[in-house]
Asks: 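I'd like to ask some things about the structure below.
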Amino acid sequence: MNYCSYCVQDAGEQRGLESAGPWPRTVEDLILVQKRIGQATSHLWTPAGRVFSAAGCFVCFSRGRVGAGRPGEAGWAAAALLRSGRIVAAATVCGTAQAAYEPGLLALREGLLLEEAVRRLPERPDLLLVNATGRDHPRGAGLAVHLGIRLALPTVGVTRNPLLASGEPPAEARGSLSPLFLGGTIVAYWLRTQRGKRPLVAHAAWQTDARTAASVLLALTTRWRTPEPLREARRLAREARSEKRGDG
DNA sequence: GCGACAG
DNA sequence: ATCTTGTCGC
């Protein structure tokens, strides 16, 4: 297990991100960026039967809060890399939330910390799982799409609920899917990863369509409802929070 | 106008 | 997201 870590001293200091520029810091700027991102497309990525590595990233904030949170509050992010069914690397960072949570503007709150955690992994994954929507978004630019563009990695979104898309729930068997529509297109699928458990939402994001998202998430889910890389990233972020650290 | 609305 | 309580299963 190779752990890397880095504490984000200031949201303004994003070493090595010159090509992508800084994250938007205001609602107006983020919305402008999202309008551009929502139009961007690129060739689809598929596992195509090959072995692929997958990382998950997750951010949590200080406990005891209620509601949408506040800008400036402490946050911990982690990324975990899975290859051949094993977690082989992970990274954690600590820093601050850039904004309160607001539907459609999640990137403002979580984007910087998540990107930093993924960049601290000792190697780049083939695919990144993000705890957010992708194309299911008012401007087609959910955080999973945004992170994919910034990191130049194929991404898949994983959420508990859709943001705007709607569709019927899936059947009970593991692997059952049902489409989630937004503006007449399938932007995500309900996916039953465990019989008897609530389905999760598999989101099309950067270089992925909804079908690929669902297929990949099913493959990354065996024993638990949540895909393994995401589950491990969540555990590590909460562990860092409980120890009030960001330095692995 | 009102409510809903990823985390 | 986080909190709380209760319940089921290993």
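By convention in this document, chain letters (A, B, ...) are assigned in the order of the sequence lines, proteins followed by strands, and residues within each chain are numbered from 1.
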Asks: With no hydrogens and no angle check, is any side-chain donor or acceptor of Arg192(A) less than 3.5 Å from a backbone partner on Leu177(A)?
Replies: no
Asks: Name the nucleic acid region contacted by His203(A), choosing base, sugar-phosphate or nothing; use a 4.0 angstrom heavy-atom cut-off, strictly under.
Replies: nothing
Asks: Quick one: Leu164(A) CG to dG3(B) P, roughly how many Å, whole number?
Replies: 18 Å
Asks: Measure the distance from CG on Leu129(A) to P on dA6(B) and round it to the nearest whole Å.
Replies: 19 Å
Asks: With heavy atoms under 4.0 Å as the rule, sort Gly104(A) into base, sugar-phosphate or nothing.
Replies: base
Asks: Please confirm whether Phe58(A) and Trp76(A) have ring centers closer than 6.0 angstrom.
Replies: no
Asks: In this structure, how many angstroms lie between the P atom of dA1(C) and the CZ atom of Phe58(A), rounded?
Replies: 4 Å
Asks: Once you apply a heavy-atom cut-off of 4.0 Å, does Gly142(A) come out as touching a base, just sugar-phosphate, or nothing?
Replies: base
Asks: Measure CD/Glu102(A) against C1'/dA1(C) and give the value in whole Å, please.
Replies: 15 Å
Asks: Choose from dA1(C), dA6(B), dT2(C) the nucleotide whose nearest atom is closest to any side-chain atom of Arg241(A).
Replies: dT2(C)
Asks: Return no unless some side-chain N or O of Asn131(A) is found under 4.0 Å from OP1 or OP2 of dA1(C).
Replies: yes
Asks: Between Ala78(A) and Ala237(A), what is the shortest heavy-atom contact and its length?
Replies: CB-N, 3.6 Å
Asks: Please classify the nucleic acid contact of Ala68(A) as base, sugar-phosphate, or nothing, using heavy-atom distances under 4.0 Å.
Replies: base
Asks: Indicate, with a heavy-atom threshold strictly under 4.0 Å, whether Leu200(A) touches base, sugar-phosphate, or nothing.
Replies: nothing
Asks: Quick one: label Pro162(A) by what it contacts on the DNA or RNA (base, sugar-phosphate, nothing), any heavy atom closer than 4.0 Å.
Replies: sugar-phosphate
Asks: Roughly, in whole Å, what's the span from CG in Leu147(A) to P in dA6(B)?
Replies: 18 Å
Asks: Take atom CZ of Phe61(A) and atom C1' of dC3(C), then tell me their distance rounded to the nearest Å.
Replies: 17 Å
Asks: Would one find a side-chain N or O of Arg238(A) under 4.0 angstrom from OP1 or OP2 of dA1(C)?
Replies: yes
Asks: Answer with yes or no whether Thr133(A) presents, from its side chain, a donor or acceptor under 3.5 Å of a partner atom in the base of dA6(B).
Replies: yes
Asks: Measure the distance from CG on Leu106(A) to C1' on dA6(B) and round it to the nearest whole Å.
Replies: 6 Å
Asks: Side chains of Trp23(A) and Glu115(A) only: does a donor on one sit below 3.5 Å from an acceptor on the other?
Replies: yes
Asks: In terms of side-chain geometry, is the basic nitrogen of Glu228(A) or Arg86(A) positioned less than 4.0 Å from the acidic oxygen of its partner?
Replies: no
Asks: Calculate the interatomic distance between Trp224(A) atom CH2 and dG9(C) atom P; express it in whole Å.
Replies: 16 Å
Asks: Establish, with yes or no, whether the OP1 or OP2 oxygen of dC3(C) is under 4.0 angstrom from a side-chain nitrogen or oxygen of Arg63(A).
Replies: yes
